[in-house]
A.B. asks: 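This is the structure I want to talk about, given as structure tokens.
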Amino acid sequence: MLEQEKFMQEAINLAKQNLKLKNGGPFGAVVVRNGRIIGKGVNTVTSQNDPTAHAEINAIREACENLNSFQLTGCEIFSSCEPCPMCLGAIYWARPKKVWFAATRHDAAEAGFDDSEIYRELTLPDHEKKIPMEQLMKEEAESVFKIWIDLEHKIEY
């Protein structure tokens, strides 16, 4: 078994175990650095009443805590399923070097986890979205960015 297959099998095993424990959906993920798992996560959306508690997000949180860093430089993420749009956003912010996935988003959709509406919504103008979005107090919010720009000793990311 290749090293990558070993890590993917761990992500898949976490997904299976999560179903037995009834913590949430059938998803598991691990974060690997230098051939060692530094973060594990399962979907805990229903057990934690947290719509952001996806396996990848939970694995990223644990790995970042273990690394004492907000970035996953030099890390790889192994996910039992292709990451959803929210997890993709978190992955890009975390900046790992690679993501491996097993099942596709289409496989997930067949099991009742369909993200196609979210992918579609992301391309629509704000006024056409299912959840309306409207801008308010732009100038006041921009003033906070101006303070950030001038701030000394900030940690950029």
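Positions are given from 1 along the sequence. None of the values given here were measured: they were computed from a predicted structure. Basis for what follows: all heavy atoms, side chains included, without hydrogens, waters or symmetry-related copies.
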A.B. asks: Using only heavy-atom distances, determine whether the side chains of E56 and S79 contain a donor-acceptor pair under 3.5 Å.
C.D. replies: yes
A.B. asks: Using a 4.5 Å cut-off on heavy atoms from C-beta on, say whether the side chain of I118 contacts that of C84.
C.D. replies: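 No, every pair of side-chain atoms sits at 4.5 Å or beyond.
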A.B. asks: Can you confirm whether or not the ring centre of F27 sits under 6.0 Å from the ring centre of F113?
C.D. replies: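 Ring-ring flag for F27/F113: true, centres closer than 6.0 Å.
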A.B. asks: Measure from NZ or CZ of R36 to the centre of the six-membered ring of F7 and say whether it is under 6.0 Å with the direction within 45° of the ring axis.
C.D. replies: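 Not flagged: R36 not positioned over aromatic ring of F7.
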A.B. asks: Regarding W100 and Q4, is there a side-chain donor-to-acceptor distance under 3.5 Å anywhere?
C.D. replies: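 Side-chain D/A pair, W100 to Q4: absent.
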A.B. asks: Answer yes or no: are there more than 12 heavy-atom neighbours, outside F70 itself, under 6.0 Å from its atom CZ?
C.D. replies: yes
A.B. asks: So, E76 and R33, do they make that salt bridge, N to O below 4.0 Å?
C.D. replies: no
A.B. asks: Any side-chain donor-acceptor pair under 3.5 Å between N13 and Q9?
C.D. replies: yes
A.B. asks: Go through V31 and C64 one step at a time and tell me if the side chain to side chain contact (heavy atoms under 4.5 Å, CB included) criterion holds.
C.D. replies: CA-CA 10 Å; V31 178; C64 286; over 6 Å; no
A.B. asks: Quick one: does any side-chain atom of E82 pair with a main-chain N or O of T104 as donor and acceptor, under 3.5 Å?
C.D. replies: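 Checked: no pair found.
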A.B. asks: Evaluate the side chain to side chain contact (heavy atoms under 4.5 Å, CB included) criterion for residues V30 and L14: first the C-alpha distance (whole Å), next the side-chain angles of each, then the deciding distance (0.1 Å), finally the verdict.
C.D. replies: CA-CA 9 Å; V30 296; L14 286 169; 3.7 Å; yes
A.B. asks: Verify side chain to side chain contact (heavy atoms under 4.5 Å, CB included) between I77 and K98, making sure each step is shown before the conclusion.
C.D. replies: CA-CA 6 Å; I77 297 175; K98 188 166 187 168; over 6 Å; no
A.B. asks: May I ask you to check whether N58 and T44 show a side-chain donor-acceptor distance below 3.5 Å?
C.D. replies: yes
A.B. asks: Does a side-chain N-to-carboxylate-O contact under 4.0 Å join K130 and E117?
C.D. replies: yes
A.B. asks: Under the criterion salt bridge (Lys or Arg N to Asp or Glu O under 4.0 Å), I'd like the reasoning laid out for K138 against E142: C-alpha separation, chi angles, the key distance, then a yes or no.
C.D. replies: CA-CA 6 Å; K138 177 179 173 29; E142 284 179 335; 2.4 Å; yes
